[in-house]
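First up is the structure itself, then whatever we jot down about it.
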Amino acid sequence: MASEPKTLQEAILYFADPVNCREYLVARRWPNGVTCPRCGSQNVLFLEKYNRWHCREKHNAPQFTLKTGTVMEESHVGLDKWMTAMWQIVNCKNGISSYEIHRALGITQKTAWFLDHRIRLALTSGSFEKLTGEIEADETFIGGKARNMHVGKRQRRITGTGGKDKTAVMGIMERGGNVRTVVIANRKKKALQAEVKKHVEAGSALYTDALLSYEGLAGDYAHQVVDHAVQYVDGRVHTNGLENFWSLLKRGIAGTYVSVEPFHLFRYLDEQAYRFNNRKMNDAERFDMAVKGIVGKRLTFAEVTGKVGIPAESF
């Protein structure tokens, strides 16, 4: 087997060989030997002619492939295209749209869109561990700018000022570490403080802006505030780390995706957070970690599209 890829060009050539695809994914999905995704047995036989495995245990659907039980299941898109798309999604700083994937891989835009969203959802990283040390908390609004809209659309969609017709998003960042993001219903005290207490270890140093919704956190945290009407930095007290993250996120949405529906926004947040949290890795390391997560998750049609009542065979 050729050496594993380090660049996009090498990845395209490397994954064009089905054997390379199989060996790369097997090493990450089953490091201790291939096991049946349906019963967990290692009593399996590889059928090289059909590029699949057969489980010798007695149960329904004993044959399985690398896609079985992953986000790639029931997809007719080849592994070479899946791998190339994954590489671009996790390594393109400002993201890559379904139209770019569609043109680059020679698949339909609809297929590219489903493929992109499956990968984005699989990049979601949940953790029970709370953030500690110096923590920044901040919120922003995501949505179209009125000055960029056609007058008819502006009158229909912009019905107030500020963030009234935009989606509120909150971010919590550990200095020198990871960021966590969540779509929130509003910026009121109940919503913001619930997220802080969910993700931040009590006793940590917490830095926020002067929004009144953060008042009352001093009892659980070493809470300090910077008033942006006066200054943006007061010694160690600032939220510039999160401001940098919001800048990257909005640049990607405005420049790459152009328009994101509110009910899909959390997926783009997860995608950007994944790249940001693994920013110190090189492209090959970031891709390798993504593949390990992607082959370990299976998503339903409802999870991918937000729709219910439609069978998985429909996509």
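Cluster annotation: I101 is connected to F15 through the hydrophobic network of ILVMFWY side chains, with a link wherever side-chain heavy atoms come within less than 4.5 Å. Hydrophobic clustering places V34 together with I294 (ILVMFWY residues linked when any side-chain heavy atoms are closer than 4.5 Å, directly or through intermediates). One hydrophobic cluster holds both Y257 and V183 under the rule that ILVMFWY side chains link at heavy-atom gaps under 4.5 Å. Note on I142: it clusters hydrophobically with M173, by side-chain heavy-atom contacts below 4.5 Å among ILVMFWY residues. L206 and L211 fall within a single hydrophobic cluster, where Ile, Leu, Val, Met, Phe, Trp and Tyr side chains are chained together by heavy-atom contacts under 4.5 Å.
Y207 and A205 make their closest contact through OH-CB, 3.9 Å (heavy atoms, listed as atom of the first residue, atom of the second, distance). When all heavy atoms are compared, the tightest approach of E195 to M170 is CB-SD, 3.6 Å. The two residues V44 and C36 have their closest heavy-atom pair at CG1-N, 4.1 Å. For C21 against L79, the heavy-atom pair with the smallest separation is SG-CB, 4.0 Å. In this structure, I89 and I119 approach most closely via the heavy-atom pair CD1-CD1, 3.7 Å. The two residues K81 and I107 make their nearest non-hydrogen contact at CD-CG2, 3.7 Å.
R251 and N94 form no side-chain donor-acceptor contact under 3.5 Å, judged by distance and modelled atom types alone. Looking only at atom types and distance, the side chain of T140 has a donor-acceptor partner in the side chain of K250 under 3.5 Å away. Side chains of Q109 and S98: a donor on one and an acceptor on the other come within 3.5 Å. Using modelled atom types, one finds a donor on one side chain and an acceptor on the other under 3.5 Å when comparing T124 with D270.
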Could you give me the CA-CA distance, side-chain angles and deciding distance for L25 and R29, then say whether side-chain contact (heavy atoms from CB on, under 4.5 Å) is met? CA-CA 6 Å; L25 290 172; R29 185 177 184 184; 5.6 Å; no
Please lay out, stage by stage, how D209 and Y232 fare under the test side-chain contact (heavy atoms from CB on, under 4.5 Å). CA-CA 9 Å; D209 58 23; Y232 282 90; over 6 Å; no
Take V200 and I172 through the side-chain contact (heavy atoms from CB on, under 4.5 Å) test and state the conclusion after the steps. CA-CA 8 Å; V200 182; I172 302 174; 3.7 Å; yes
Apply the test side-chain contact (heavy atoms from CB on, under 4.5 Å) to residues R286 and D283: give CA-CA distance (whole Å), side-chain angles for both, the deciding distance (0.1 Å), then the verdict. CA-CA 5 Å; R286 197 177 301 111; D283 287 1; 3.1 Å; yes
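To the nearest 0.5 Å, the span separating CG on L123 from CE on M289 amounts to 11.5 Å. Distance check: Q63 CD to L45 CG gives 9.5 Å after rounding to the nearest 0.5 Å. Once rounded to the nearest 0.5 Å, the distance linking CH2 of W87 with CD1 of I96 reads 13.5 Å. Note that CG of L115 is 14.0 Å distant from NZ of K110, once rounded to the nearest 0.5 Å. Between atom CD of residue E174 and atom NE2 of residue H199 there is a gap of 13.0 Å, rounded to the nearest 0.5 Å. From I135, atom CD1 reaches atom NZ of K130 across 11.5 Å, with rounding to the nearest 0.5 Å.
For the pair E73 (side chain) and G69 (backbone), a donor-acceptor distance under 3.5 Å is present. Between the D234 side chain and the V226 main chain, no donor and acceptor come within less than 3.5 Å of each other. Between the R38 side chain and the A61 main chain, a donor and an acceptor come within less than 3.5 Å of each other. Within the 3.5 Å criterion, the main-chain N or O of E10 finds a donor-acceptor partner in the side chain of T7. Using modelled atom types, no side-chain atom of E285 and backbone atom of M281 make a donor-acceptor pair closer than 3.5 Å. The closest donor-acceptor contact from the side chain of D80 to the backbone of P18 lies at 3.5 Å or more, if one exists at all. S247 contributes no side-chain N or O that, together with a main-chain N or O of E243, makes up a donor-acceptor pair within less than 3.5 Å. In this structure, the side chain of Q42 engages the main chain of N32 through a donor-acceptor pair within 3.5 Å. The backbone N or O of C92 sits less than 3.5 Å from a side-chain atom of R275, completing a donor-acceptor pair.
Using cut-offs of 30° and 60° for the angle between ring planes, the F276 and F245 rings count as perpendicular. Between F287 and Y24, the ring planes lie tilted relative to each other; the angle falls in the 30° to 60° range. The aromatic rings of W53 and F46 lie tilted to each other, with the angle between the two planes from 30° to 60°. Ring pair Y99/H102 is perpendicular by interplanar angle, where above 60° counts as perpendicular and below 30° as parallel.
Side-chain atoms of S75 and F114, non-hydrogen and from C-beta on, never get closer than 4.5 Å to each other. Taking 4.5 Å as the limit, some side-chain heavy atom of L192 sits within range of a side-chain heavy atom of I184. Residues L269 and L249 form a side-chain contact, since some pair of their non-hydrogen atoms from C-beta on lies under 4.5 Å apart. Taking 4.5 Å as the limit, every side-chain heavy atom of V237 sits out of range of all side-chain heavy atoms of V225. Between Y268 and E261, every side-chain heavy-atom pair lies at or beyond the 4.5 Å cut-off. In this structure the side chain of T256 reaches within 4.5 angstrom of the side chain of E100, judged on heavy atoms.
When each of R180, R236, R175 is paired with E136, the salt bridge (charged side-chain N to carboxylate O under 4.0 Å, His left out) condition holds for R175 and for no other. Between Y214 and the options R187, K189, E139, a side-chain hydrogen bond (donor to acceptor under 3.5 Å, both in side chains) holds for only E139.
Taking the charged nitrogens against the carboxylate oxygens, E271 and R267 have no contact shorter than 4.0 Å, which rules out a salt bridge.
Around the CD atom of E48, the shell of radius 6.0 Å holds no more than 12 heavy atoms that belong to other residues, nucleotides or ligands.
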